[in-house]
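Note that these values count all heavy atoms, side chains included, but never hydrogens, waters or copies made by symmetry.
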Amino acid sequence: MGIRDLFRKRTEDEATGTKILVAALDAKFAELVKADCRCYSQFYPVPAESFFENTQGLLGTIVKGYDIVHLFCHVPPDGNILDGRGNETPGARLIQTCCESDVKLLWLASENKPEGYIKGFKAAAGKPLNLVLTIDRKGSHFSSFLEELLRKMSAGESMPAAWVSLSPQNSNDSRNQAAPACIFAAGRGGVRLRPVPPLR
């Protein structure tokens, strides 16, 4: 493989006119859904905003083709996804559906305990999917962080580079105090998520 092939492969992993689904499996997340939708709509085409009574409806919508799925749901310690009626679905099934549907970023934006995430979403290891699991939104800090992250990503910066610039690996860095507590796995770190095709 020559240098041109490497360059071509890298640039091809790019979404233009990035399609976004902001969804919830419980109506109690309504205000947070609207808040995060506002963040996305500043930089990307109007995101789809949906509430689902069960996971089947969510999965059926994901397969229609989205680049980003930003989801609010309960993840109990057993690692399953819980809908508003108490029905459970394995986190691995959500991961599989996202990967099969070419979702580039799955962000669980509701606060859940890390043990549930670790147990239910370990299936993401090695998969071509950027995954963010939220532990603590830290109130209004979440919206500020998300806006700055999306500003950088919509300009063509990769998600890992944008993330580290806002939340450095050094735990003593003061910028981390205003960043939400999340687990970020960059399974598709090189992908570019652009709102429109870049100028040539």
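Under the 4.5 Å side-chain heavy-atom criterion for grouping Ile, Leu, Val, Met, Phe, Trp and Tyr, Leu21 is not connected to Val33 through any hydrophobic cluster.
Summarising the geometry of Pro76 relative to Asn80, their closest heavy-atom pair is CD-O, 3.1 Å, with the distance given to 0.1 Å. Heavy atoms only, all atoms of each residue included: Thr97 and Val63 are closest at CG2-CG1, 3.8 Å.
Salt-bridge check for Asp13 with Arg188: passed, with a basic side-chain N closer than 4.0 Å to an acidic carboxylate O. Ion pairing between Arg192 and Asp67 fails under the 4.0 Å rule for side-chain N and carboxylate O. Salt-bridge annotation for Asp102 and Lys104: present, with a side-chain N of the basic residue lying under 4.0 Å from a carboxylate O of the acidic one.
Using a distance-only test at 3.5 Å, with no hydrogens or angles considered, no donor-acceptor pair links the side chain of Ser143 to the main chain of Ser140. Using modelled atom types, one side-chain atom of Ser41 and one backbone atom of Arg38 make a donor-acceptor pair closer than 3.5 Å. Looking only at distances, no side-chain donor or acceptor of Ser167 sits under 3.5 Å from a matching main-chain atom of Val164. When atom types are taken as modelled, the side chain of Asn112 and the backbone of Val75 share a donor-acceptor pair closer than 3.5 angstrom.
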Side chain to side chain donor-acceptor pair (under 3.5 Å) evaluation trace for Trp107 with Thr134: CA-CA 8 Å; Trp107 192 321; Thr134 306; 3.1 Å; yes
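By the 30° and 60° cut-offs, the orientation of the rings of Phe72 relative to His70 is perpendicular. In this structure, His74 and Phe29 have tilted ring planes: the angle between them lies in the 30° to 60° band.
Exactly one of Val191, Leu193, Val132 qualifies for a side-chain contact (heavy atoms from CB on, under 4.5 Å) with Met159. That residue is Val132.
Remark: Leu146 CG to Leu150 CG distance equals 4.0 Å, nearest 0.5 Å.
Side chains of Asp78 and Glu88 form a contact here, defined as non-hydrogen atoms less than 4.5 Å apart.
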Ignoring hydrogens and angles, write down the donor-acceptor pairs under 3.5 Å from the side chains of residues 46-53, residues two or more places apart or on other chains.
unit_1: Glu49; atom_1: OE2; unit_2: Lys34; atom_2: NZ; d: 3.3
unit_1: Glu53; atom_1: OE1; unit_2: Arg85; atom_2: NH2; d: 2.7

